[in-house]
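Reading through the structure tokens given below for one structure.
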2 protein chains.
Amino acid sequence: MQPSSRVTIRDVAARAGVSVATVSKVINDRYGVSADTMARVRAVIAELGYEASLVAQSLRNHKTNVIGILVADIEPFSTELLKGAADAIRDTGYELVVYSAGGRTGDKLGWERRYLSRLSGTLVDGAVLVTPSVLDVRFDAPVVAVDPHTGPSGLPTVDSDNLRGARLAVEHLLSLGHRRIAMLTGREDLQSARLRERGFREAMADAGVPVDETLVQPGDYDPVVSAAAARLLLSLETPPSAVFAANDVSAIATVETARSLGLRVPEDLSVVGFDNIPESALNSPPLTTVDQPIKVMGRQAIEMLVQLMRGEEIEKTHLTLDTHLVVRGSTCAPR
Amino acid sequence: MQPSSRVTIRDVAARAGVSVATVSKVINDRYGVSADTMARVRAVIAELGYEASLVAQSLRNHKTNVIGILVADIEPFSTELLKGAADAIRDTGYELVVYSAGGRTGDKLGWERRYLSRLSGTLVDGAVLVTPSVLDVRFDAPVVAVDPHTGPSGLPTVDSDNLRGARLAVEHLLSLGHRRIAMLTGREDLQSARLRERGFREAMADAGVPVDETLVQPGDYDPVVSAAAARLLLSLETPPSAVFAANDVSAIATVETARSLGLRVPEDLSVVGFDNIPESALNSPPLTTVDQPIKVMGRQAIEMLVQLMRGEEIEKTHLTLDTHLVVRGSTCAPR
DNA sequence: ATGAAAGCGCTAACAT
DNA sequence: ATGTTAGCGCTTTCAT
């Protein structure tokens, strides 16, 4: 056998002196193969190290026994989610494949539509979409969204209480005495980002503190964009005394930027994040942030999806998990 | 169009009143299509939301532009590695898919051979194998191994200095005054596990401290196996005063077990781990551990793989990165 | 410029 | 019990 070329079912058939159909039957434990032939074919399979091509099988079968998770990028939030999803998938018998859009900004919008279409009907029997950027997905297999796009999508969804979380964060800042509070917003197309901004505005309004619009800057859930916005904010004539960042990645970027500008955190600038990714606790100073139970979200999304894939009815098609404030070292009263 | 069925190239062809061949040419920017037809076909593609099936394409093309990362399971080590790999992949133009064997113990051995065979020649153009359990992989595309199987495999490899790291860990324990030091070993089939155990033995020998073999127990890099082993160790008549766990997951399980037995860490039991996953620093007490640059390993593995895929020669086929001790709160002098 | 047809690796009717 | 054949969705000669 050529080491450089794939072993196909035909190689096995030829070597065993049978037809490909027979080999296929052996592989799939179908009836109609003599014990003798079966043994011979199995021996050849072992000898050649043959494995059926997943691609060919799924093209033919429209059924693969694998669940796909589509993430915009591999970063702390999505990897935490993956851990939870992996836990849930372990006992289901499904296999797991993760597709990453690779964070490429070019096709930031609609990446999951492209992916889904490309995999649809083949390769995965169902999918979890993490922070999808479109609402209408045509897909013939079950799909569950995590932290979905803004606007009403028919998709079953798992998210967390973003509005309340954001309020908690801002109220914390207000209660410390901050008044000049900036916000780094998130990915505009995501519901979570909208709600976090709304929570910010509501908390400010409730406290009777007007929002200075120059202090609301785009962070895009992205470290680079956030660092730029933070730099802008901190170079203002009257800079903010506190920043609420729409996620931890943005918050960490903000802390770094403040540092590079010679500011101390939290003495000169308080920073609150959102997500409670592991990196937030490891930051120095440890980040005050809003916890959302990311792993649980991953687990729930898979459980929902599996129910759907099994054709079961699901009671709740929209699960919203609780958020809560975790006070650590990146916030204190303004000087 | 039926919402429940995939849009294929034939649907597009029919709707546009052309042949599938023409549609294919449009998709792939081939010559021989009039501007007029091209426009019409494109319009239909947009209207129908058509995307070529990845599966059909790769079956046909034997070329997919995607890199596969095969991991035994989605857990802290592999997700850190993924973060590094994702960084490296971003500017290469390749897409990334991660396959997880799902930690199923049934096919623990040889899972990557199966996966690789199933994907081989199709679906991925190259792959990174993380902690593979077999050495001989027949694959017609480039493959790079991270933290490989024991024994000489021809595969290009990325790992870290496990021997030195283990020695550092044990020397730390010895220098604190510990003599009755236990070890929880790792996944027997992995080189890293062997080297970590060897480092343990060498450090003990150098210090003239004999190894009590009842104190060397299997941890398998697994929390459940490790917890059981720790329980056994700590129920001994003369239990160890310190444990060197072959990885952080084992170390954390050990700390939990000690706790549940009413022991304090580090006062009653010192514990050292290996890997320096984020979870180790978040543990209480924060874990003293050996750092290996996991993200860098992921990045390097991808860089190596991409060179291979481009047909470039690579200078070093075996990269070993440095390890070093990180002293935190889970170790102190014995009472 | 366009289309008919073969074939990638596999499975499921349908012969024999 | 075994083999022949069609076809999954796509690309690519090769005709026309």
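Labels below follow one simple rule: chain letters A, B, ... track the order of the sequence lines, proteins then strands, and each chain is numbered from 1. Since this is a predicted model, take the numbers as computed values, not measurements.
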**Message:** Using whole Å, what does the distance between atom C1' of nucleotide D:dC10 and atom NE2 of B:His62 come to?
**Reply:** 12 Å
**Message:** Below the 4.0 Å mark, does D:dA1 have OP1 or OP2 next to a side-chain nitrogen or oxygen of A:Ser34?
**Reply:** no
**Complete:** Among the nucleotides C:dA1, D:dT4, D:dG9, whichever has the atom closest to the side chain of B:Arg60 is D:dG9
**Request:** Please check the phosphate of C:dT11 (OP1 and OP2 only) for any side-chain N or O of A:Gln57 closer than 4.0 Å.
**Result:** yes
**Request:** For D:dT4, take OP1 and OP2 only and decide whether either is under 4.0 Å from a side-chain N or O of A:Ser19.
**Result:** no
**Item:** Which nucleotide in C:dA5, C:dT11, D:dC10 has an atom nearest any side-chain atom of A:Asn61
**Value:** C:dT11
**Prompt:** Would a distance-only check, ignoring hydrogens and angles, find a side-chain to backbone donor-acceptor pair under 3.5 Å from B:Asn61 to B:Ser58?
**Reply:** no
**Message:** Check the phosphate of C:dT2 against B:Thr22, side-chain N and O only, distance under 4.0 Å to OP1 or OP2. Yes or no?
**Reply:** no
**Request:** Would you mind reading off the distance between B:Arg40 atom CZ and C:dA1 atom P, rounded to a whole angstrom?
**Result:** 14 Å
**Message:** Side chain of A:Thr8 only, heavy atoms from C-beta on: which candidate in C:dA1, C:dC10, C:dC8 is closest?
**Reply:** C:dC10
**Complete:** Of the listed C:dT2, D:dT2, D:dC10, the closest approach to the B:Thr37 side chain comes from C:dT2
**Item:** Between D:dA1 (P) and A:Asp36 (CG): distance, integer Å
**Value:** 12 Å
**Prompt:** For the pair made of CZ in B:Arg30 and C1' in D:dC14, what is the distance, rounded to whole Å?
**Reply:** 16 Å
**Message:** Donor-acceptor check, side chain of B:Asp159 to backbone of B:Ser192, threshold 3.5 angstrom: yes or no?
**Reply:** no
**Request:** Using a strict 4.0 Å threshold on nitrogen-to-oxygen distance, state whether A:Asp29 and A:Arg42 make a salt bridge.
**Result:** yes
**Prompt:** A:Asp29 has an atom CG; how far is it from atom C1' of C:dA12, in whole Å?
**Reply:** 16 Å
**Item:** Proximal nucleotide (of D:dT2, C:dC10, D:dG9) relative to the A:Ala52 side chain
**Value:** C:dC10
**Prompt:** So which nucleotide from C:dG3, D:dT11, D:dT2 ends up closest to the side chain of B:Lys25?
**Reply:** C:dG3
**Prompt:** A:Leu59 has an atom CG; how far is it from atom C1' of C:dC10, in whole Å?
**Reply:** 8 Å
**Prompt:** More than 12 heavy atoms of other residues, nucleotides or ligands under 6.0 Å from CD of B:Glu312: is that the case?
**Reply:** yes
**Message:** Using a 4.0 Å heavy-atom cut-off, does A:Val18 contact any base of the nucleic acid, only the sugar-phosphate backbone, or nothing at all?
**Reply:** sugar-phosphate
**Message:** Is the phosphate of C:dA12 approached by A:Tyr31 (side-chain N or O, under 4.0 Å from OP1 or OP2)?
**Reply:** no
**Request:** Please report, rounded to the nearest Å, how far the P atom of D:dG9 is from the NZ atom of A:Lys63.
**Result:** 17 Å
**Prompt:** Quick one: is D:dG9 close enough that its OP1 or OP2 comes under 4.0 Å of any side-chain N or O from B:Ser53?
**Reply:** no
**Request:** Calculate the interatomic distance between B:Asp11 atom CG and D:dC8 atom C1'; express it in whole Å.
**Result:** 13 Å
**Request:** Tell me whether the OP1 or OP2 atom of D:dT11 has a side-chain N or O from B:Asn28 closer than 4.0 Å.
**Result:** yes
**Request:** Let me see the working for A:Leu96 and A:Val66 under side-chain contact (heavy atoms from CB on, under 4.5 Å), right down to the final yes or no.
**Result:** CA-CA 6 Å; A:Leu96 172 61; A:Val66 346; over 6 Å; no
**Request:** Give the nucleotide from the list D:dC8, D:dT11, C:dA12 with an atom nearest to the side chain of B:Arg10.
**Result:** D:dC8
**Message:** Between B:Asp87 and B:Lys295, does any side-chain N to carboxylate O distance fall below 4.0 Å?
**Reply:** no
